[in-house]
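As structure tokens, the structure follows; a few thoughts come after it.
Residue numbers start from 1 in every chain, and the chains themselves are labelled A, B, ... in the order their sequence lines are given, proteins ahead of strands.
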2 protein chains.
Amino acid sequence: MARPRSFDPDDVLEIARQVFWQKGFQATSLDEITAASGIAKPSLYAAFGDKHALFLRVLDRYHDGILGWAERVLAQPGPAREAIRQWLTGFIPYCSGEKGQRGCLSINSATDGSLDQAALRKSIERYNRRLEELLRSRLRADRDQFRKGFDPDVTAHTVMVVHAGLMALAHQTPDSKQVMAVIDQVMSLLA
Amino acid sequence: MARPRSFDPDDVLEIARQVFWQKGFQATSLDEITAASGIAKPSLYAAFGDKHALFLRVLDRYHDGILGWAERVLAQPGPAREAIRQWLTGFIPYCSGEKGQRGCLSINSATDGSLDQAALRKSIERYNRRLEELLRSRLRADRDQFRKGFDPDVTAHTVMVVHAGLMALAHQTPDSKQVMAVIDQVMSLLA
DNA sequence: CTTATTCTATACCTATAAGTACAGAATAAA
DNA sequence: TTTATTCTGTACTTATAGGTATAGAATAAG
């Protein structure tokens with residue numbers, strides 16, 4: 001019974017993600033998002049709220065995407081080590097070569113001291129917790145594939161640390177072969 | 001033959017480091033630095049140049065501090081593994097517990113998309129290169145302590161990745177015991 | 001003591017960016 | 001077609017923050 005919205009909010013979130021991912025939260029102005037999306041500020045505010053709320057939506061959406069993909073990859077049959085190796089290698093395009101500059105939106109945000117906002121911290125914590133939970137349950141389920149004394153909980157966290165490290169060092173765009181060698185070496189812990 | 005400077009530049013850099021470290025480059029205003037240091041803006045500009053130049057000085061100073069400490073720790077006699085373990089555990093106060101929120105100034109800066117400035121990237125790259133070089137040369141020197149086929153170059157990079165990961169995840173303030181467990185597990189690669 | 005010179009502090013300028021008022025456009029119901 | 005309602009776009013307000021002009025303070029040389 002009134003004028004309908006002229007844009008798909010998800011399209012705008014996708015565009016906003018690209019801009020935020022490239023420049024970071026602080027350095028991204030709403031004018032850049034309006035320019036990239038073609039949507040004027042009042043429409044953005046009506047649809048998403050202020051800049052923090054928009055970023056939170058973008059980040060949640062990003063998290064959901066990675067979690068969904070991780071669920072699929074880690075549910076694969078076969079050795080747990082190969083599933084986890086595949087999960088880690090899936091990030092190579094984002095932590096080496098041309099796209100490497102960007103790294104991980106979540107980790108970039110986590111290390112941004114200016115984003116000390118309760119809602120954002122919570123989103124990032126929840127994401128990390130769920131990701132680690134996926135790794136841990138897979139390692140626990142396949143416990144008998146590993147040596148005696150293998151600790152799936154510590155190993156899950158170690159894999160999280162390695163993942164975070166690769167993404168944090170992504171901004172130097174290391175060689176993908178070097179990344180692969182590190183992953184191979186770490187995977188030797190899963191034995 | 002004129003009025004001398006009323007402050008020690010190094011003191012100001014130390015204070016600026018604290019503020020930048022806590023809030024990040026973008027979110028730190030020069031007014032906050034003047035408030036924390038008691039030095040007015042014109043004096044800061046005369047001594048250090050603009051905000052980017054000041055931050056670069058702060059970051060270089062931070063890098064030098066860590067590199068100097070790393071040189072000392074990694075020059076220790078005894079097993080290379082123990083020297084490297086000690087180096088990693090030295091970061092625990094900054095990646096767990098109360099101070100964990102801060103993480104590493106260099107990594108926080110590296111993941112900040114808004115700091116895509118040539119000079120800053122160069123400083124960070126040089127720092128990472130020198131740090132990895134310290135690890136690599138120690139591992140190479142003690143090569144005969146390790147199994148056949150041990151690769152000191154890949155291992156040095158793996159240690160760098162783990163270090164970066166611990167610091168990137170610092171903002172969730174994990175338990176120091178969990179950090180210790182990860183370090184122990186990774187150290188098992190140095191055998 | 002005078003003076004040249006450099007530093008310091010107040011106050012200001014300017015640009016940018018977050019957020020909004022308001023008028024006009026578009027649509028569904030009557 | 002009319003009308004109520006919601007969306008869109010221009011233009012504005014306001015605050016903040018980087019950077020600086022300028023006047024006055026402090027010091028070493030003469």
Side-chain angles (χ1 to χ4, degrees), chain A residues 1-59 108-109 112-120, chain B residues 1-59 108-109 112-120:
Chain A
M1 116 211 218
R3 179 175 180 176
R5 191 165 272 155
S6 70
F7 59 90
D8 180 346
D10 205 60
D11 291 347
V12 176
L13 288 177
E14 172 61 27
I15 290 171
R17 185 183 70 166
Q18 293 172 13
V19 183
F20 277 131
W21 199 348
Q22 185 140 25
K23 308 197 59 177
F25 173 77
Q26 285 272 342
T28 298
S29 70
L30 285 181
D31 287 336
E32 287 173 275
I33 293 180
T34 63
S37 66
I39 310 301
K41 273 193 281 185
S43 299
L44 289 178
Y45 276 86
F48 305 108
D50 67 5
K51 191 184 173 188
H52 275 93
L54 170 62
F55 185 72
L56 188 58
R57 288 282 298 275
V58 166
L59 193 60
N108 293 353
S109 306
D112 184 345
S114 70
L115 286 179
D116 252 350
Q117 212 199 352
L120 282 174
Chain B
M1 122 209 214
R3 179 176 179 176
R5 189 165 275 157
S6 70
F7 59 91
D8 181 346
D10 205 59
D11 292 345
V12 175
L13 289 177
E14 172 61 26
I15 290 172
R17 185 184 69 167
Q18 292 172 13
V19 183
F20 277 132
W21 199 348
Q22 184 140 25
K23 308 198 59 178
F25 174 77
Q26 284 273 342
T28 298
S29 70
L30 284 180
D31 288 335
E32 288 174 277
I33 293 180
T34 63
S37 65
I39 309 301
K41 275 193 281 187
S43 298
L44 289 178
Y45 276 85
F48 306 108
D50 67 5
K51 192 184 173 188
H52 275 92
L54 171 61
F55 185 72
L56 188 59
R57 288 283 297 273
V58 166
L59 194 61
N108 294 353
S109 306
D112 184 344
S114 70
L115 287 178
D116 253 350
Q117 214 199 351
L120 282 174

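As a whole-Å value, the separation of B:F48 CZ from C:dT8 P is 11 Å. Look at CG on B:D31: it is 12 Å from C1' on D:dA15, rounded to the nearest Å. Atom-to-atom, CZ of A:F55 to P of C:dA18 comes out at 13 Å; the value is rounded to the nearest Å. The CD atom of B:E32 sits 7 Å away from the P atom of D:dA17 (whole-angstrom rounding). Between the CG atom of B:D8 and the P atom of C:dT8 there is a distance of 12 Å, rounded to whole Å. Across the protein-nucleic acid pair, A:L44 atom CG and C:dG19 atom P stand 11 Å apart, rounded to whole Å. Rounded to a whole Å, the OH atom of A:Y45 is 15 Å from the C1' atom of D:dG9. Nucleotide D:dG18 holds its P atom 11 Å from the CD atom of A:Q26, rounded to whole Å.
Shortest non-hydrogen contact noted between B:A36 and B:V19 is CB-CG2, 4.0 Å.
Residues A:S114 and B:Q26 have side chains that never bring a donor and an acceptor to within less than 3.5 angstrom of each other. Donor-acceptor pairing under 3.5 Å is lacking for the side chains of A:Q18 and A:Q22.
Of the candidate nucleotides C:dA9, D:dG19, C:dA25, C:dA25 has the atom nearest to the side chain of A:R3.
Taking the six-membered ring where the residue is Trp, B:F55 and B:F20 present perpendicular rings, their angle passing 60° and hence far from 30°.
Applying the 4.0 Å criterion to OP1 and OP2 of C:dA18, one finds that A:K51 has a side-chain N or O inside that range. Of the side-chain N and O atoms in A:S43, none sit less than 4.0 angstrom from OP1 or OP2 of D:dC7. The shortest distance between the side-chain N/O atoms of A:S6 and the OP1/OP2 oxygens of D:dT8 is below 4.0 Å.
Each of A:R5 and B:K41 was matched to the nucleotide of DNA chain D holding its nearest heavy atom; the match closer to the 5' end belongs to A:R5. Ranked by how close their nearest DNA chain C nucleotide is to the 5' end, A:P42 and A:F25 are led by A:F25.
Residue contacts for A:T28: at a heavy-atom cut-off of 4.0 Å it reaches the sugar-phosphate backbone alone, with no base atom in range. Contact annotation for A:P4: backbone-only contact, meaning every heavy-atom pair under 4.0 Å involves sugar-phosphate atoms and none involves a base.
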Practice task
Could you walk me through whether B:F48 and B:V58 pass the side chain to side chain contact (heavy atoms under 4.5 Å, CB included) test, one step at a time?
Solution key: CA-CA 10 Å; B:F48 306 108; B:V58 166; over 6 Å; no
